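Here the structure is laid out as structure tokens; the discussion comes afterwards.
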Amino acid sequence: KPLWPQGFDPLNIERVEGGLLHTRFLALGNDVCKATAIDENGIDIDAFTDGFGPHPLFNGVRRAVVAGVEKPVVTIDGIRVTIQSSGIHLECSAATVEETAQEIRVSPH
């Protein structure tokens, strides 16, 4: 299921190879997941989105990658996942999580 834009800062988006780079704020969601990334408290976060279809954002987002996050707190309660850190908040009601030293990958069901 694609994620849909819930909010973004149009003055702080750059087209890059393969998608868009959001350099200040991005909120995405669907009926399973909600995610927000924002520069706050001195944290500099960048979010890359890879879209479905001809428009890189308005046809839905296939994948979002967020960089610049301090070590987040990951809470898994059954299939409900919450990730929280300065500048990022994600909640999914049906997802799996894969963690490595460099990456946390959340895949909605």
Side-chain angles (χ1 to χ4, degrees):
K1 293 183 176 182
L3 293 165
W4 298 99
Q6 307 291 306
F8 59 94
D9 180 351
L11 298 177
N12 288 287
I13 295 177
E14 299 174 30
R15 280 191 175 266
V16 295
E17 184 176 333
L20 297 175
L21 185 63
H22 305 262
T23 59
R24 196 190 78 73
F25 169 68
L26 175 65
L28 299 170
N30 62 21
D31 59 338
V32 177
C33 290
K34 304 267 185 253
T36 304
I38 187 169
D39 286 357
E40 66 179 8
N41 301 327
I43 303 297
D44 184 23
I45 290 177
D46 290 330
F48 169 81
T49 55
D50 175 17
F52 284 107
H55 193 280
L57 192 58
F58 295 138
N59 294 110
V61 172
R62 163 192 348 257
R63 177 175 59 120
V65 178
V66 180
V69 177
E70 293 180 357
K71 179 68 177 160
V73 174
V74 178
T75 305
I76 303 169
D77 182 11
I79 59 172
R80 181 180 166 81
V81 175
T82 304
I83 298 176
Q84 182 71 44
S85 182
S86 290
I88 189 162
H89 181 79
L90 175 131
E91 286 187 41
C92 289
S93 60
T96 56
V97 175
E98 299 172 45
E99 278 190 77
T100 68
Q102 300 289 327
E103 177 179 85
I104 300 171
R105 181 181 300 258
V106 178
S107 301
H109 296 174

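Computed from a predicted model, the values in this text were never measured in an experiment. The analysis underlying the following values was restricted to heavy atoms, covering all of them including side chains, and did not include hydrogens, waters or symmetry mates.
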All pairs passing side chain to side chain donor-acceptor pair (under 3.5 Å) where residues 29-38 contributes a residue, at least two apart: Lys1-Asp31

I'd like to know if Leu20 and Leu3 are part of one continuous hydrophobic network [Ile/Leu/Val/Met/Phe/Trp/Tyr, side-chain heavy atoms within less than 4.5 Å]. yes

Could you grab the distance from atom CD1 of Ile104 to atom OG of Ser85, nearest 0.5 Å is fine? 8.5 Å

If every non-hydrogen atom of Ile88 is compared with every non-hydrogen atom of Ile45, which pair is closest and at what distance? N-CD1, 4.3 Å

Nearest 0.5 Å, please: how far is CG in Asp46 from OG1 in Thr23? 6.0 Å

Does Phe25 reach the side chain of Asp39, with side-chain heavy atoms less than 4.5 Å apart? no

Please walk me through it: do Thr82 and His89 pass side-chain contact (heavy atoms from CB on, under 4.5 Å)? CA-CA 7 Å; Thr82 304; His89 181 79; 4.0 Å; yes

Could you note down all residue pairs passing salt bridge (charged side-chain N to carboxylate O under 4.0 Å, His left out) where residues 11-25 supplies at least one of them, sequence neighbours left out? Asp9-Arg24

Is the shortest heavy-atom distance from the side chain of Arg80 to the side chain of Glu91 under 4.5 Å? yes

Flag side-chain contact, heavy atom, 4.5 Å: Glu98 against Val106: no

Donor-acceptor pairs are to be reported for all side-chain atoms of residues 57-74 against protein atoms at under 3.5 Å, with residues two or more places apart or in another chain.
{"from": "Asn59", "atom 1": "OD1", "to": "His55", "atom 2": "N", "distance (Å)": "2.9"}
{"from": "Arg62", "atom 1": "NE", "to": "Asp50", "atom 2": "OD2", "distance (Å)": "3.4"}
{"from": "Arg62", "atom 1": "NH2", "to": "Gly51", "atom 2": "O", "distance (Å)": "3.2"}

State, with a plain yes or no, whether a side-chain heavy atom of Leu28 is found less than 4.5 Å away from one of Trp4. no

Is there a path of hydrophobic side-chain contacts, each under 4.5 Å between heavy atoms of I, L, V, M, F, W or Y residues, that connects Val97 with Ile79? no

